[in-house]
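Read through the structure below, which is laid out as structure tokens, and then see the notes.
Nothing here was measured: the structure is a model prediction, and the numbers come from that model.
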Amino acid sequence: MNSVPLVLPFTLAASTSRSEGPSDPFSCASILVDEASSVANVSSITYWLKNGQVSPTSQQFASFDALDGVVLGCEDGTLYLLRQSPHHTPHPIGIEKPLSSRPSSPTSARFSRSRSRPRTPTSSLAPFSLTSRARVVSGISDEQAQAPKNYVDFDEEPDKLKELLRGGVRDSASGDRLPLSLDRTAAAEKQAGLSKGLSSPSGSVRRSEAKSLLSATHSPTLSVTTLPTPPSPSSPSSPSRLPYHLSLGCHIFPRRSGTGNPVVGLRALANHRHFVCLRSQGDLSMYAVKDGSCVWSSQISHLPAVSPAGAKEVQPSGAAWTWRGLFVHEAGESVVILASAALSGGFTSKSSADDDDGANQKQLSRLAVFELRDDTDKGDEELGLDKAGEWLVEGPTAGVGFCTDEHDVLKFFHVDTSNHLIVQRIVLVPATIQLDSPDDNSSVGLATFNPFKTGGAQSHGRPASLNERREGCRILLEDFLDVGELKLDQRLRGIQLRSMRDCIRGAAWSDSELYAFEYDSKRLIINSSGTTSEGLRDVTWLGWDMYCAVYSNRYEVSRLRLVDPNNDRVPDKRSPGILHSHVISTAAVRGTQAFCALSPTAVLSTGVSRQGRRRIELHTPIPSGESRKEWTRTMLWKSHDKGPNIPGDKHITCMLPLELTHIVLGYSDGTIGRSSFAELVHLNSTLAPEDVSDIPLDGFIVGLHIAQNDRTGERLIVGGADDGSVAIWSLESMKTLARWVLFISPLQRVLHLRHDKGGPLRGCLLCIAGDGTIAVIALDDYQFLYMVPGAPAPLIKVCTSGDNLLLLYGDDRARLWDVKTLEFWRSMNMEKAKELLNQGGWAELSLLDTPSAGSAHSTLSAFSPDSSSTILVDLESFLSRAVSIAKSTAGDEMRTRERTAGVLRSLLQILHTPGLNLDIDVICREQLVLPVTLASVGFHRNYASSVIVSENPQSQWCVSGEVSASRALALTACLRTLAHFEDLADCVNTVITFYATSLPHSVGRAYIPPSLSFLARWWFDVSGELRLAARTLFDAGVASLTDEETISLVERWQHSLPFLLPDSEKRSPVAAKALLLCGFIATRQYNLLSSSALNIVSKSVMTYLHESDVSCKALAIDLCSRGFAVWQHYIDAMEMIRSLFNLATSSKKESITAQNIGPQARQAVLHVVTNNTGIFMTTLSLDILHPQSLDHRKSVLQLVAFLTRKKPLVIYPHLPKLVEAVVKSLDPNSTSNRDAVLDTATEILGHVVKTFPTIDFHTASQRLAVGTSEGAIVMYDLKTATRLYVLESHKQALAACSFSPDGRRLATVSLQEGVVLVWKVGTGFASFFYPGAPPRQGHGGSDPFKSLNFNVGEAAVMSLEETFEHVNFEWTAERSVQLKIRDVTLTFST
């Protein structure tokens, strides 16, 4: 049910150091996220309203109170989520005045790149003159590594690469990528022989004084935190932030965030629950507005799609696409998302698929259409996007867009290569439509299948036939309309359209001019007097006749109208006229990075103030004069942090978690250090001097990686700074071993080639920069060898085979290099590269995988104050290892136990919420030793992490059900694990009980309980502690539901039960989760469910019992154990029991221990037999006598032995019936059956005789005596598998029976009667005449041979279970027996 581990982002307090900040902060996340927002470069902004509307352009935006939330998209691919504050106050700023120019945004000294760096010296080495590897010396060189030009075979390389290689080595400041180059003398110098310090290279402004090699080792002790002391948990103080309309909610870090993948499109959906994000590399994602969690994400190019009929197909052409536009269309329940892309710089498409054909190059744009897959009943469980189609159009991407008319008909437009505007209607065919056969010539109008059309719109041209749709594509492009040629004197920079009835209005702008136009189905009217487009960013239509133009320093709202030469309005649009545009209002802005027009009277913007603070403002007009208006600004939110830190402030800029007990830190002064998770969580902890590196780099550390020298076994740290420098440190001593300045962009990844197929590169490090440039370093002697130039597209995979180096890029192209001769061989498309790899002999290293550092923990990929202080912890992996360490008794593991327990306490410090309950705080502080910390925990989902801002203790439990569930699950699992280390069971159980049951009262009305759907994912998790924690919280959550909530939950999920789904969907995670939720509730509160719902749930349980999937069987077994009494009324109960029989005795071993269904099925059998003994024993007896097969009979017999051992009291009343069935299975008339079950039956009878004193067996005569609760004794002959006779004389239940050694006497005792009876049971002469009759007892009638009374008083008073242990016969001779009752021994003569 769950294939994703529980990963949580922990933001630590060690990197927070500010001269001023909010007083009494509750967590460091609020400080760091606030600071990160001030230094971020925002590229997109969107919003949503309280009523769920996201496009209020048809109405006046009356008040900022309607604004419910805002999302900011940044250049580094991250997102900031802001929600309406509970207690907000508007902050009017005043009337805006026009500005002459836009001030530049302040740059943070803490997280900006170096402003200058050393220039690359000119190489004097001849081509291919490879110098010998210099010996490594102790000195460190600051010299930059560079390489000469190389000979390259240009036959199959694109022109861009030819020019790159022809240009040779250029100045590093130019930004060009370096060609493959040879070793420079950039290796280290002898440190021991140097007496003078190393000065910084020329041009560097990061240091003004030379630094001695010795002085670097005497750096002052580093303080890892300077945070203020937090408030007392018992009385948390409220934050002192201004009550703006918005408050910062979280900072979202998507997968593959970082430099080069900015957010290019943001749109909120009208469901008021989600927003869509598009990034330039094609990452399309959906996020929840409540907590910033990623509910769906994928790369557009990874999703297959078919182009519409008549459109150009998307082929792997080797082009790199940059996605630029995002459009969302919502009509009723249908949501369509459209994205557009342009070829990356320098790329053009070829008319031929041949790589070598460079003629007929065309400018293309790429478009993709998605449909939202949403089931609101299940929250985000089935939310996602289905790709409906994808195609190419000829023309610039700036001329591509989408619009709708007044009837919500979706239209696609683009400007072709001849500057003609083309408009087409898009029809999305529902996925459920089944096409008729090709012989059917009937056609269906678009209105029938258009999900956007509400009626009234007239279609142009012929109706569309679904049979014209290309197979696999759900897109129809209809009503081709050529509006006409746009008179463009310069390059088109953008166009926006508005459609109504048969008319189209648009605004287009070039490099110099913005003008409007109108098309009324007959003519194209262009505004003759365009306005300047200098500084124009975008245009948004606010209605049919109004649009907003956003410039770098102002907003302009303009109105369009048709006028005659006298500037009077034309009454009839069919009359000739002039399209006139006039500005009706202007708003001056300062420092705006992104904007969003809400309506003709409201514009939302964000930027950074002159003081370096992020601000979000709402611009609204006020009357001023005639028709023009001036605008006023309302501050919706403003960050507290001022951006730049104090110069010289030393802080953490990146982390490398090897283990939670060993974390390598990178600092802003170019040094590295080592610490642990526990030290970073504790306040006022410091690092020892030996834990800090000696020689700093000339920049702040931005990346750290682990490597190992295979020859010496030494573990090494490879890191890079923001100035492109790279260094190698010893992990053990933290000494700097070598360093170089290699790149023009920071180090991004490090690959260590250890494979035998690496050839000359075996044992080398491939240091990969952000631009794809590769530096090859020999790890044996720390020598830089050469460089491989990058490419416009991102590098995704490195492959080596002998002397060949194959590099695969994100544009579906590959480059092949010879690392021995240092020659570039050829460029090829991805298909040819795969053919080459399929030949075998290649070692492949993917760059798309998350760097592992040798542990299950990682860091965030983006670079910001909060990401640098955040570690992603895989709790499932850590807790599993912690439990195994706690159970270890080896003496050398004690230190490991102490460190692991320390990490557990550090995690609990963060997960525990102080201030909710005084008694719990005392237990955590004094018993569990959990001091207060400012570190905080966020949320992780679908490879995206959210650093959540909490203003007070209560707010942590008021974000979303998923966030509450993840925090409670982690807290409970860590508490349970801590109990393995120390005797803290009582304290742990008290705290767990509080968090499972008492949070609603402690938090208040805003409390959001843990999501049962989220907890259900860990119901059968591999980690035992997580599984038990999830079940504890799940049980408590179901118990806390009201009747109304319970009924509503079942109604939402019952339609996804497996019994109702097709076979292909029965094993889906949603179906399994629906069965768990509905089934668990049915076992507890079946009276609230209807008979039809119980019937479906019961049949779903039966369905999963017969599934081949282990998880499905495990779920069904668990529900059988809990609710058999409910299910038996709606299904064949015997069939369910038989299924449990088979699973309980199956010899097949499951691969996953936690889901080993054999033990689970046996446990379920015990539950069923305890609570439903009658039907269970009936089924068991029938299956022994009339099995489905011999194997089934053997399985059932094994089950009898199992029940005899585990539940003797339960089966005791049915013992005679079971024993008779076992005896009859030994029928000698069926030789094959008897031989097959003989061993099993003998083993069972042995267990029965040993367990129950009322049964005895005489080996020589093969007689079996079975006493019953009614006082009778049944005698069986196992040789013939028949019942011989019944001895009846006792009036009460038997306590024991026993054969004499010669088998001729049988002694029985009844404690309730106080009598011992002796029976003659030997074979006599009379048995030949009266077969089946009991032997003669020496006198007439059926009385026993002897009757011996006794009285032992209270010793005879005991329970049935006690008789099994304290009553037995012992024969001292063939005719003398002792009866032992507790400590009393009675001797009788028989």
**Prompt:** Do Val1266 and Thr1254 have side chains that get closer than 4.5 Å, going by heavy atoms?
**Reply:** no

**Asked** Do the charged groups of Asp1183 and Arg1193 touch, with an N to O distance under 4.0 Å?
**Response** no

**Residue pairs fulfilling salt bridge (Lys or Arg N to Asp or Glu O under 4.0 Å) with at least one residue in residues 1239-1249, sequence neighbours excluded** = none

**Request:** Apply side chain to side chain contact (heavy atoms under 4.5 Å, CB included) to the pair Ile1244 and Thr1242, showing each step before the final yes or no.
**Result:** CA-CA 5 Å; Ile1244 291 173; Thr1242 303; over 6 Å; no

**Request:** Indicate yes or no: at least one non-hydrogen side-chain atom of Met1136 is less than 4.5 angstrom from one of Trp1127.
**Result:** yes

**Message:** Does Arg1031 qualify as a cation-pi partner of Trp1019, given the criterion of NZ or CZ under 6.0 Å from the six-membered ring centre and within 45 degrees of its axis?
**Reply:** yes

Please list every donor-acceptor pair under 3.5 Å in which a side-chain atom of residues 1198-1205 meets a protein atom from a residue at least two apart or in another chain.
{"unit_1": "Thr1204", "atom_1": "OG1", "unit_2": "Val1200", "atom_2": "O", "d": "2.7"}

**Prompt:** Would you call Lys1380 and Glu1370 a salt bridge, taking side-chain N to carboxylate O under 4.0 Å as the test?
**Reply:** yes

**Message:** With heavy-atom distances below 4.5 Å as the criterion, would you say the side chains of Leu1077 and Phe1034 are in contact?
**Reply:** yes

**Pairwise distance CD1(Ile1184) to OG(Ser1195) - rounded to 0.5 angstrom** = 11.5 Å

**Message:** For a side chain to side chain contact (heavy atoms under 4.5 Å, CB included) check, start with the C-alpha distance between Glu1135 and Met1102, then their side-chain angles and the critical distance, and finish with the verdict.
**Reply:** CA-CA 9 Å; Glu1135 182 63 27; Met1102 280 296 297; 3.7 Å; yes

**Prompt:** Should we count CG of Asn1087 as having more than 12 external heavy atoms under 6.0 Å?
**Reply:** yes

**Complete:** Separation between SG (Cys1120) and CD1 (Ile1137), nearest 0.5 Å, reads 9.5 Å

**Item:** ring-ring contact (aromatic ring centres under 6.0 Å, His included) involving Tyr1276 - partner list, sequence neighbours excluded
**Value:** none

**Message:** For a salt bridge (Lys or Arg N to Asp or Glu O under 4.0 Å) check, start with the C-alpha distance between Asp1118 and Arg1122, then their side-chain angles and the critical distance, and finish with the verdict.
**Reply:** CA-CA 6 Å; Asp1118 186 82; Arg1122 295 172 179 272; 2.9 Å; yes

**Asked** Hey, does Arg976 have a side-chain heavy atom less than 4.5 Å from the side chain of Leu879?
**Response** no

**Asked** Just wondering, are more than 12 heavy atoms of other shown residues or ligands nearer than 6.0 Å to CZ in Phe1257?
**Response** yes

Using residues 1267-1275 as the side-chain source, report each donor-acceptor pair under 3.5 Å to any protein atom, sequence neighbours left out, with the distance given to one decimal.
{"unit_1": "Thr1268", "atom_1": "OG1", "unit_2": "Glu1270", "atom_2": "N", "d": "3.4"}
{"unit_1": "Thr1268", "atom_1": "OG1", "unit_2": "Glu1270", "atom_2": "OE1", "d": "3.3"}
{"unit_1": "Thr1268", "atom_1": "OG1", "unit_2": "Ala1272", "atom_2": "N", "d": "3.2"}
{"unit_1": "Thr1268", "atom_1": "OG1", "unit_2": "Ala1272", "atom_2": "O", "d": "3.3"}

**Item:** Partners meeting ring-ring contact (aromatic ring centres under 6.0 Å, His included) with His1258 (sequence neighbours left out)
**Value:** Phe1299

**Item:** Side-chain touch Trp1018/Leu1033, heavy atoms, less than 4.5 angstrom
**Value:** no

**Message:** Counting only heavy atoms from other residues, nucleotides and ligands, does the tally under 6.0 Å from CD of Glu1361 exceed 12?
**Reply:** no

**Message:** Do Tyr1104 and Asp1109 have side chains that approach each other closer than 4.5 Å (heavy atoms only, starting at C-beta)?
**Reply:** no

**Asked** Does the side chain of Leu1294 come within less than 4.5 Å of Ser1310's, by heavy atoms?
**Response** no

**Fill in**
To the nearest 0.5 Å, atom CZ of Phe1176 lies from atom CG of Leu1180 at 5.5 Å

**Prompt:** If you measure from the Lys or Arg side-chain nitrogens to the Asp or Glu carboxylate oxygens, is any gap between Arg1067 and Glu1107 under 4.0 Å?
**Reply:** yes

**Prompt:** Nearest 0.5 Å, what's the CG-CG distance between Leu1306 and Leu1287?
**Reply:** 7.0 Å

**Item:** OG1 on Thr1179 to CE on Met1177, rounded to 0.5 Å
**Value:** 10.0 Å

**Asked** Is Arg1084 salt-bridged to Asp1035, cutoff N-O under 4.0 Å?
**Response** yes

**Message:** Let me confirm one number: the NE2-SG distance from His1290 to Cys1297, rounded to the nearest 0.5 Å.
**Reply:** 9.0 Å

**Prompt:** Side chains of Ser1181 and Leu1218: does their closest heavy-atom pair fall under 4.5 Å?
**Reply:** yes

**Asked** Is the NZ atom of Lys1320 crowded by more than 12 outside heavy atoms at less than 6.0 Å?
**Response** yes

**Request:** Say whether His1214 and Thr1173, considering side chains only, have a donor N or O and an acceptor N or O under 3.5 Å apart.
**Result:** no

Please tabulate, for side-chain N and O atoms in residues 1381-1390, each donor-acceptor pair with protein atoms closer than 3.5 Å (sequence neighbours left out).
{"unit_1": "Arg1382", "atom_1": "NE", "unit_2": "Ala1355", "atom_2": "O", "d": "3.3"}
{"unit_1": "Arg1382", "atom_1": "NH2", "unit_2": "Val1357", "atom_2": "O", "d": "3.1"}
{"unit_1": "Thr1390", "atom_1": "OG1", "unit_2": "Arg1375", "atom_2": "O", "d": "3.1"}

**Message:** Testing Gln1337, Arg1305, Lys1346 one by one against Trp1319 for a side-chain contact (heavy atoms from CB on, under 4.5 Å), which residue passes?
**Reply:** Gln1337

**Message:** Between Trp1371 and Ser1376, is there a side-chain donor-acceptor contact under 3.5 Å, judged purely by atom types and distance?
**Reply:** no

